[in-house]
Every structure is written in C-alpha cells, then in structure tokens.
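Convention: sequence-line order gives letters A, B, ...; per-chain numbering from 1.
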2 protein chains.
Amino acid sequence: MPRIAPIPTTSDAPSPFRTRAEKIRDREEKREAVLRAAVRMFNARGFHATSLDDVAASLGISKPTIYHYLGNKEQVLIECVTRGLEPLRQAAEAAKDEPGTGLDRLRRFLRHYAQINMEDFGRCVVRTGDEFLSQEGTLQFRARKREIDMALRGLIADGIADGSIAPVDVKLAAFTLSGALNWPARWHDPAGAMPVEDIAASMVDIITGGLALRP
Amino acid sequence: MPRIAPIPTTSDAPSPFRTRAEKIRDREEKREAVLRAAVRMFNARGFHATSLDDVAASLGISKPTIYHYLGNKEQVLIECVTRGLEPLRQAAEAAKDEPGTGLDRLRRFLRHYAQINMEDFGRCVVRTGDEFLSQEGTLQFRARKREIDMALRGLIADGIADGSIAPVDVKLAAFTLSGALNWPARWHDPAGAMPVEDIAASMVDIITGGLALRP
DNA sequence: TAAGCAATTTACTCGTCAGTATATAAATGA
DNA sequence: TCATTTATATACTGACGAGTAAATTGCTTA
C-alpha cells in the first residue's frame with residue numbers, strides 16, 4: 001500500500017482529482033448510463049432495430065466507447081435483462097419468508113412483479129425473446145427466469161396446501177398469472193395518469209379475485 | 001366470352017391443363033404456402049432474424065418468387081397478422097349475438113381467443129410489435145386490434161350490467177385478460193401433450209373464477 | 001406465328017451495422 | 001522522465017440481407 005490516506009475534503013467542495021475508488025465509481029456510472037440509454041431504445045424500437053451507433057449518439061459518445069465498457073451488443077442486452085431479473089429474484093426470495101397465507105404472500109409478490117415489469121429493465125426482460133440471444137445466453141436467461149417461475153409456483157402450491165387458493169393446475173396458473181402481469185411491458189405508458197402501484201394492485205385483484213361476481 | 005365450356009373431366013383423372021379458375025386457385029395456394037412458411041419462421045426466430053432468402057429456401061424456391069407473390073417483406077408480415085386477426089374478429093362478432101349472461105359470452109369468447117393465439121397466425125399477431133411495421137402499417141394493425149379489444153370490453157361491460165361480472169375497471173380488466181391469454185404465444189409448444197382446448201379452458205377458468213378459494 | 005403475359009431464375013446493387021484497427025491525449029506510476 | 005494504462009475518437013472492414021435487373025421458359029391469345 002504505497003498510497004497515503006487522502007486528507008478528507010469538505011464535502012461541498014468536490015476535488016477535481018479523483019481517488020482510485022472514485023474512478024471505479026465513475027466507470028460504473030458510465031456503464032450504467034450506457035445501459036439505461038440502451039434499454040430505453042430497445043424497449044422503444046426493439047433490439048434488432050436499435051444500433052449501437054444510435055445508442056452512442058443518444059449519449060453524445062461514439063460506438064467504440066460502448067465497446068470499451070461492454071464487450072458487444074449481446075452483452076449489453078444481457079446486462080439489461082440481468083438488471084431487470086434481479087429485483088424479481090429478490091422479490092421472489094423475500095416472499096418465501098413473509099407472514100400470511102399462501103394467497104396473501106402470492107398477492108404481495110404479484111404486485112411487486114407487476115410493478116417491476118413496468119420499469120425500464122423489467123420491460124426489457126419481458127420483451128426479450130430467446131431469438132435475441134446466443135445459445136449460451138439463452139440458457140442463462142432461461143435458468144434465471146425459471147428460478148422466478150419456480151418461486152411463483154411454490155407460492156401457489158403453498159396457498160393450495162393451506163386452503164387459501166383453489167386447487168388449480170399449478171404450472172398453468174403460474175403461466176396465466178405471469179402472462180397477465182407481463183403484458184403491461186407492451187402497453188403501459190410511463191407517462192400515463194394512473195400510478196403504477198394502482199395498476200398493479202387492480203390487476204392482481206382481478207386475477208386473484210376472478211371476474212365472476214361472488215354471491 | 002370467346003371461351004367454349006370445357007368438357008367435364010372425370011374427377012379421378014385430373015387434367016394437367018389448368019382452367020383459368022384453377023390457375024387463380026394455384027396462385028392463391030402458392031401465396032398461402034409462402035405465408036405459412038414465413039409465419040412459422042417469424043414465430044420461431046423473430047421477424048428481423050428471418051430473411052426472405054431463408055423462407056424461400058425452406059420452400060425450395062428463390063427470393064424473387066416471393067416478391068412475385070407478395071410485394072415486400074412488410075407485406076408478408078401484414079398478410080400474416082391479417083390472417084391471425086381475422087378469426088379473432090369473427091369470434092368477437094359472433095360473441096355479440098350469443099345467448100347467456102355477459103359472463104357466459106365472455107368465457108366462450110376468451111376460450112376462442114386463447115386457442116387462436118396458439119395457432120401459427122395468431123401467435124404472429126401477438127409477437128408482432130409496432131416496431132416491425134411502417135407508420136401506415138402500424139396504424140392499420142392497431143385499428144384492427146382495437147376493434148377486438150373494444151369487443152372484449154363490451155362483453156365485460158355487459159356482464160357488469162347484468163350482474164354476472166364484478167364491477168371492475170373495464171379497460172384494465174380487458175388488458176389483464178388479453179395479456180394472460182396472449183402469453184401462450186410465447187411459451188406454448190404445439191407438440192405439447194395437453195390439447196389446446198384444455199389449456200384454453202383451464203386458463204379461462206383461472207382468470208374468470210379467480211385463484212382465491214371461494215367459501 | 002408473333003406478341004404478350006406469367007412464373008421463375010441467376011446475378012447483381014446498395015445500405016446498414018456489428019465489430020476492429022489505429023491514433024491520441026491524459027493520468028498514473030516506476 | 002519514460003513506460004503503461006485508461007478513455008476516447010476517426011475511419012475502416014466484412015457480412016448480411018432487402019430489393020431489383022434482366023434473362024428464360026412456356027402458355028395464351030390476337
């Protein structure tokens with residue numbers, strides 16, 4: 001460690017000289033900026049219809065800069081879906097250890113799920129088909145999604161076991177629920193009037209409560 | 001009419017000389033064959049990842065032949081989604097004049113809807129985002145889909161009016177239902193064991209009946 | 001029989017875009 | 001002070017793929 005600890009600067013006068021840690025953070029920030037710009041364009045125009053030249057231009061940089069931070073176009077997409085999948089994974093994990101009946105926990109998880117699917121990276125997950133990735137990428141992607149699907153099925157099974165959920169086909173129910181809550185990735189307009197939380201809550205009410213009027 | 005009526009041939013010995021009507025039908029058949037080959041590849045690999053050379057090769061013909069029957073690549077896609085939308089439109093129209101409560105009619109329609117979305121052209125409708133079409137194409141496509149969405153909303157509203165459906169937000173409910181039933185276009189495997197009718201029926205039960213166990 | 005039309009091919013053009021080679025300038029460190 | 005690393009740019013290559021030009025063959029019709 002040949003480096004002397006820097007004298008702490010007053011926090012309101014940021015030095016133009018960056019420490020090693022700061023530079024690592026700078027780099028991260030730039031990476032993230034590239035990913036956010038990319039995911040927005042992927043969502044708006046589709047992966048194949050978006051060139052990395054476009055993405056670079058939208059940030060006022062050049063294409064090789066993107067290649068400097070992220071190896072290639074597929075890598076950009078993979079990082080985007082990873083960022084979309086991560087909060088889903090966390091929500092799924094959290095749902096396991098929560099109190100309440102299976103139905104209660106399922107409903108909480110589904111509201112999370114719906115909201116994440118209306119955010120930039122979540123939308124990208126839904127819109128990314130296997131067509132876009134290499135064989136290896138597809139395998140990883142599917143494995144990650146499967147993890148979440150399995151958690152969802154687990155919650156449904158729990159609910160059936162404790163009597164809070166009707167005895168349905170678990171796999172089919174999981175597909176049906178996720179389909180309903182994935183679809184906003186296609187139609188939801190972030191500029192819309194209705195808050196995301198409300199949309200999520202209403203959709204979950206519809207699919208768990210059912211449309212038929214209860215006597 | 002300078003043409004003499006042909007002597008009727010025995011039906012088990014088809015003549016190699018085609019009449020005018022036969023030639024028109026031949027042409028139609030070839031068009032359809034191109035569209036069917038194209039839609040399969042679009043569904044399997046995505047629109048952008050499918051070249052018309054690929055489609056032609058899969059039929060043992062050359063690319064200009066496709067251009068002979070269909071003006072350009074967008075036209076191919078438009079014809080595919082048209083063929084997917086048409087049965088949906090018919091089902092929506094038929095649902096209006098059927099007997100039963102709003103809920104009954106809705107459920108019947110939804111089962112149709114789900115099944116169509118598991119067929120080649122129906123899947124293509126679901127998987128075709130606005131990204132793929134020109135401005136004009138997008139407008140037409142959206143208008144057609146809107147027609148079906150409106151029919152769906154109408155059925156839900158009818159059910160609410162006659163008391164068979166709970167008083168939900170109609171627009172959101174329509175999006176939720178269609179989302180759930182669109183999703184099989186992504187995951188359903190036509191070679192799967194479970195018959196399409198059964199999948200459709202189960203999914204419709206889940207979304208109309210709701211997951212929560214009824215006391 | 002000649003003109004025209006329908007169906008189909010081979011062999012192109014042209015644009016786009018992922019990815020790369022190379023240069024440069026600044027900061028870091030020996 | 002000199003070598004190395006980091007960040008960035010300009011300018012290229014190479015592939016792919018939509019769409020077209022032009023030739024061919026055979027049938028239809030004046």
Checklist entry - What closest approach, in Å, do B/Ile156 and B/Val170 show between heavy atoms, and which atom pair accounts for it? => result CD1-O, 4.1 Å
Next on the checklist: Show me the pairs that pass ring pair (Phe, Tyr, Trp, His ring centres under 6.0 Å) and involve residues 34-56 of chain A, at least two apart or across chains.
Outcome noted: A/Phe42-A/Phe47, A/Phe47-A/Phe132, A/His48-A/Phe132
Next on the checklist: Below the 4.0 Å mark, does C/dA7 have OP1 or OP2 next to a side-chain nitrogen or oxygen of B/Arg27?
Outcome noted: yes
Item to check | side chain to side chain contact (heavy atoms under 4.5 Å, CB included) against A/Ala151, all qualifying residues, sequence neighbours excluded | outcome: A/Ala92
Checklist outcome for this item: For residues 60-83 of chain B, the salt bridge (Lys or Arg N to Asp or Glu O under 4.0 Å) pairs (sequence neighbours left out) are B/Arg31-B/Glu79, B/Glu32-B/Arg83, B/Asp53-B/Lys63, B/Glu79-B/Arg83
Below 3.5 Å, can you tabulate the donor-acceptor pairs from side chains in residues 186-203 of chain B to any protein atom, sequence neighbours excluded?
from: B/Asp189; atom 1: OD1; to: B/Ala191; atom 2: N; distance (Å): 2.9
from: B/Ser202; atom 1: OG; to: B/Asp198; atom 2: O; distance (Å): 3.1

Next on the checklist: Using the side chain to side chain contact (heavy atoms under 4.5 Å, CB included) criterion, which residues pair with B/Leu88? Sequence neighbours excluded.
Outcome noted: B/Leu85, B/Tyr113, B/Ile116, B/Ile148
Report each atom pair, protein N/O against N/O of nucleotides 9-13 of chain D, whose distance is under 3.5 angstrom.
from: D/dA9; atom 1: OP2; to: A/Ser62; atom 2: N; distance (Å): 2.9
from: D/dA9; atom 1: OP2; to: A/Ser62; atom 2: OG; distance (Å): 2.6
from: D/dA9; atom 1: OP2; to: A/Thr65; atom 2: OG1; distance (Å): 2.5

Checklist entry - With sequence neighbours excluded, what pairs up with A/Asp205 under the side chain to side chain donor-acceptor pair (under 3.5 Å) test? => result A/Arg107
Checklist entry - With sequence neighbours left out, what residues match A/Asp120 under salt bridge (Lys or Arg N to Asp or Glu O under 4.0 Å)? => result A/Arg40
Item to check | Interface residues of residues 66-81 of chain B with DNA chain D (non-hydrogen, below 4.0 angstrom) | outcome: B/Tyr67, B/Asn72, B/Lys73
Item to check | Sequence-distant partners of B/Arg153, salt bridge (Lys or Arg N to Asp or Glu O under 4.0 Å), two or more places apart | outcome: B/Asp149
Checklist outcome for this item: Across all chains, not counting sequence neighbours, the salt bridge (Lys or Arg N to Asp or Glu O under 4.0 Å) partners of A/Glu136 are none
Next on the checklist: Below 4.0 angstrom, which residues in residues 35-59 of chain B have at least one non-hydrogen atom near DNA chain C?
Outcome noted: none
